[in-house]
Amino acid sequence: MTFNWPITVYYEDTDAGGVVYHSNYLNFFERARTEWLKSIGVSQTKLLADDIAFVVKRAELDFVRAARFEQDLTIESCITSLKKASLVFQQRLVDEFGACYCEASVIVACVSLSKMRPRAIPEFIVQEFESAR
(Lines give C-alpha, C1' and ligand atoms only; values in the text may rest on other atoms or scores of the structure.)
Protein backbone atom coordinates (compact mmCIF):
# COMPACT_ATOMS: atom_id res chain seq x y z
CA MET A 1 0.00 0.00 0.00
CA THR A 2 1.09 3.52 -0.73
CA PHE A 3 0.22 6.43 1.51
CA ASN A 4 -0.17 9.70 -0.38
CA TRP A 5 0.16 13.14 1.18
CA PRO A 6 -0.35 16.36 -0.79
CA ILE A 7 2.00 19.29 -0.34
CA THR A 8 2.26 22.77 -1.76
CA VAL A 9 5.67 24.37 -2.18
CA TYR A 10 5.70 27.59 -0.18
CA TYR A 11 8.05 30.52 -0.59
CA GLU A 12 9.81 29.54 2.64
CA ASP A 13 10.70 26.17 1.05
CA THR A 14 12.65 27.76 -1.79
CA ASP A 15 15.92 29.49 -2.47
CA ALA A 16 16.28 32.89 -4.13
CA GLY A 17 15.50 31.34 -7.53
CA GLY A 18 12.17 29.86 -6.44
CA VAL A 19 13.56 26.30 -6.41
CA VAL A 20 13.03 24.01 -3.41
CA TYR A 21 16.13 24.10 -1.23
CA HIS A 22 17.62 20.61 -1.07
CA SER A 23 17.19 20.01 2.67
CA ASN A 24 13.47 20.82 2.50
CA TYR A 25 12.79 17.58 0.65
CA LEU A 26 13.67 15.84 3.92
CA ASN A 27 11.06 18.01 5.68
CA PHE A 28 8.43 17.07 3.08
CA PHE A 29 9.16 13.36 3.53
CA GLU A 30 9.10 13.69 7.33
CA ARG A 31 5.68 15.35 7.20
CA ALA A 32 4.32 12.52 5.08
CA ARG A 33 5.59 9.86 7.50
CA THR A 34 4.09 11.80 10.42
CA GLU A 35 0.75 12.12 8.66
CA TRP A 36 0.76 8.40 7.90
CA LEU A 37 1.18 7.67 11.61
CA LYS A 38 -1.67 10.09 12.42
CA SER A 39 -3.88 8.43 9.81
CA ILE A 40 -3.55 5.07 11.57
CA GLY A 41 -4.32 6.61 14.96
CA VAL A 42 -0.79 6.92 16.33
CA SER A 43 -0.14 9.93 18.55
CA GLN A 44 3.53 10.79 18.66
CA THR A 45 2.85 12.86 21.78
CA LYS A 46 1.59 9.70 23.49
CA LEU A 47 4.54 7.70 22.20
CA LEU A 48 6.96 10.28 23.62
CA ALA A 49 5.14 10.16 26.97
CA ASP A 50 5.65 6.37 26.86
CA ASP A 51 9.41 6.83 26.21
CA ILE A 52 9.11 5.79 22.55
CA ALA A 53 10.47 7.75 19.62
CA PHE A 54 11.15 7.18 15.95
CA VAL A 55 14.47 8.53 14.68
CA VAL A 56 15.95 8.63 11.21
CA LYS A 57 18.96 6.33 11.08
CA ARG A 58 19.75 6.83 7.41
CA ALA A 59 18.36 8.80 4.50
CA GLU A 60 19.39 8.52 0.88
CA LEU A 61 17.92 10.99 -1.60
CA ASP A 62 18.01 11.23 -5.36
CA PHE A 63 17.19 14.70 -6.65
CA VAL A 64 15.58 14.05 -10.04
CA ARG A 65 14.31 17.51 -11.00
CA ALA A 66 13.73 20.84 -9.31
CA ALA A 67 10.43 21.45 -7.57
CA ARG A 68 9.36 25.07 -7.66
CA PHE A 69 7.45 27.70 -5.71
CA GLU A 70 3.65 27.22 -5.67
CA GLN A 71 3.72 23.71 -7.14
CA ASP A 72 1.14 21.27 -5.83
CA LEU A 73 2.80 17.89 -5.41
CA THR A 74 2.20 14.55 -3.72
CA ILE A 75 4.46 12.48 -1.54
CA GLU A 76 4.01 8.76 -2.13
CA SER A 77 5.26 6.62 0.76
CA CYS A 78 5.47 2.89 1.20
CA ILE A 79 7.21 0.56 3.63
CA THR A 80 9.61 -1.86 1.99
CA SER A 81 11.01 -3.47 5.14
CA LEU A 82 9.57 -3.86 8.61
CA LYS A 83 11.82 -5.32 11.30
CA LYS A 84 11.55 -5.58 15.07
CA ALA A 85 13.02 -2.13 15.79
CA SER A 86 13.25 -0.46 12.37
CA LEU A 87 11.48 0.07 9.09
CA VAL A 88 12.43 1.32 5.66
CA PHE A 89 10.31 3.86 3.82
CA GLN A 90 10.55 4.44 0.08
CA GLN A 91 9.22 7.91 -0.69
CA ARG A 92 8.73 9.88 -3.90
CA LEU A 93 7.70 13.45 -4.55
CA VAL A 94 5.61 13.52 -7.72
CA ASP A 95 3.40 15.88 -9.69
CA GLU A 96 -0.12 15.22 -10.97
CA PHE A 97 1.29 13.49 -14.06
CA GLY A 98 3.48 11.13 -12.03
CA ALA A 99 6.74 12.90 -12.86
CA CYS A 100 9.21 12.36 -10.03
CA TYR A 101 11.08 15.27 -8.44
CA CYS A 102 12.87 13.48 -5.62
CA GLU A 103 13.11 9.91 -4.35
CA ALA A 104 14.21 8.80 -0.90
CA SER A 105 14.98 5.66 1.01
CA VAL A 106 14.71 6.36 4.73
CA ILE A 107 15.57 3.95 7.53
CA VAL A 108 13.69 4.80 10.72
CA ALA A 109 14.55 3.22 14.06
CA CYS A 110 12.34 2.90 17.11
CA VAL A 111 14.18 3.90 20.28
CA SER A 112 13.69 4.28 23.98
CA LEU A 113 13.86 8.06 24.23
CA SER A 114 15.42 8.15 27.69
CA LYS A 115 18.18 5.70 26.76
CA MET A 116 18.46 6.42 23.02
CA ARG A 117 18.73 2.68 22.50
CA PRO A 118 16.76 0.53 20.04
CA ARG A 119 13.50 -0.94 21.24
CA ALA A 120 10.78 -2.97 19.59
CA ILE A 121 8.21 -1.09 17.56
CA PRO A 122 4.92 -1.29 19.51
CA GLU A 123 2.85 -4.21 18.27
CA PHE A 124 -0.22 -2.11 17.43
CA ILE A 125 1.89 -0.01 15.05
CA VAL A 126 3.42 -3.11 13.46
CA GLN A 127 -0.06 -4.53 12.90
CA GLU A 128 -1.29 -1.32 11.28
CA PHE A 129 1.70 -1.12 8.95
CA GLU A 130 1.53 -4.83 8.09
CA SER A 131 -2.13 -4.52 7.19
CA ALA A 132 -1.24 -1.53 4.98
CA ARG A 133 1.47 -3.45 3.07
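When reading the values below, keep in mind they use all heavy atoms of this one structure, side chains included, and skip hydrogens, waters and symmetry mates. Quick caveat, the model's predicted, so the values are computed rather than measured. Index from 1, following the sequence.
Under the 30°/60° scheme for interplanar angles, the aromatic rings of W36 and F3 are found to lie parallel.
The cluster map of Ile, Leu, Val, Met, Phe, Trp and Tyr, joined by side-chain heavy atoms under 4.5 Å apart, puts V19 and L26 in different clusters. There is a path of hydrophobic side-chain contacts, each under 4.5 Å, that joins L47 to L82. Cluster annotation: V94 is not connected to V20 through the hydrophobic network of ILVMFWY side chains, with a link wherever side-chain heavy atoms come within less than 4.5 Å. Transitive grouping of hydrophobic side chains (ILVMFWY, heavy atoms separated by less than 4.5 Å) keeps L61 and V55 in distinct clusters. Residues L37 and L48 do not share a hydrophobic cluster, clusters being chains of Ile/Leu/Val/Met/Phe/Trp/Tyr side chains in contact below 4.5 Å.
Scanning both residues, C102 and F63, for their nearest heavy atoms gives SG-CD2, 3.8 Å. The heavy-atom pair separating I75 from F29 by the smallest distance is CG2-CD2, 3.7 Å. When every heavy atom of F54 is checked against every heavy atom of C110, the shortest pair comes out as CE2-CB, 3.9 Å. Considering all non-hydrogen atoms of both residues, V111 and R119 come closest at C-CG, 3.4 Å. The two residues C100 and R92 come nearest to each other via the heavy atoms CB-NH1, 3.9 Å.
For the pair V106 and Q91, the minimum side-chain heavy-atom distance is below 4.5 Å. The shortest distance between side-chain heavy atoms of K57 and V108 does not fall below 4.5 Å. Residues F89 and I107 fail the side-chain proximity criterion, which asks for heavy atoms closer than 4.5 Å. Side-chain contact between V64 and Y101: absent, with no pair of heavy atoms (C-beta onward) separated by less than 4.5 Å.
More than 12 heavy-atom neighbours from other residues, nucleotides or ligands sit within 6.0 angstrom of CD on E96. Around CZ of R31, the count of heavy atoms belonging to other residues, nucleotides or ligands within 6.0 Å exceeds 12.
The pair R33-E35 does not count as a salt bridge, with every side-chain nitrogen at least 4.0 angstrom from each carboxylate oxygen.
D95 places a side-chain N or O within 3.5 Å of a backbone atom of G98 that can act as its donor or acceptor partner. Counting only distance, with no hydrogens or angles, the side chain of D51 and the backbone of L113 share a donor-acceptor pair below 3.5 Å. Remark: side-chain polar atoms of D15 are paired, donor with acceptor, to backbone N or O of G18 under 3.5 angstrom. Not one N or O on the side chain of Y25 forms a donor-acceptor pair closer than 3.5 Å with the backbone of L93. For the pair Q71 (side chain) and R68 (backbone), a donor-acceptor distance under 3.5 Å is present. No donor-acceptor distance shorter than 3.5 angstrom exists from the side chain of S86 to the backbone of K83, with no hydrogens or angles considered.
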**Message:** Run the side-chain hydrogen bond (donor to acceptor under 3.5 Å, both in side chains) test on N4 and T74 for me, step by step, so that the C-alpha distance in whole Å, both residues' side-chain angles and the decisive distance to 0.1 Å come before the verdict.
**Reply:** CA-CA 6 Å; N4 294 325; T74 300; over 6 Å; no
**Item:** Pair W5-F28, ring-ring contact (aromatic ring centres under 6.0 Å, His included): steps then yes or no
**Value:** CA-CA 9 Å; W5 186 255; F28 297 159; over 10 Å; no
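A side-chain contact (heavy atoms from CB on, under 4.5 Å) with L87 holds for exactly one of I125, V126, I121; it is I121.
Side-chain contact annotation: E70 with Y10, donor-acceptor N/O pair under 3.5 Å absent. In the model, S105 has a side-chain atom that pairs as donor or acceptor with a side-chain atom of Q90 under 3.5 Å. With hydrogens and angles left out, the side-chain atoms of E76 and T2 include no donor and acceptor closer than 3.5 Å. With 3.5 Å as the limit, one finds no donor-acceptor pair spanning the side chains of D13 and Y21.
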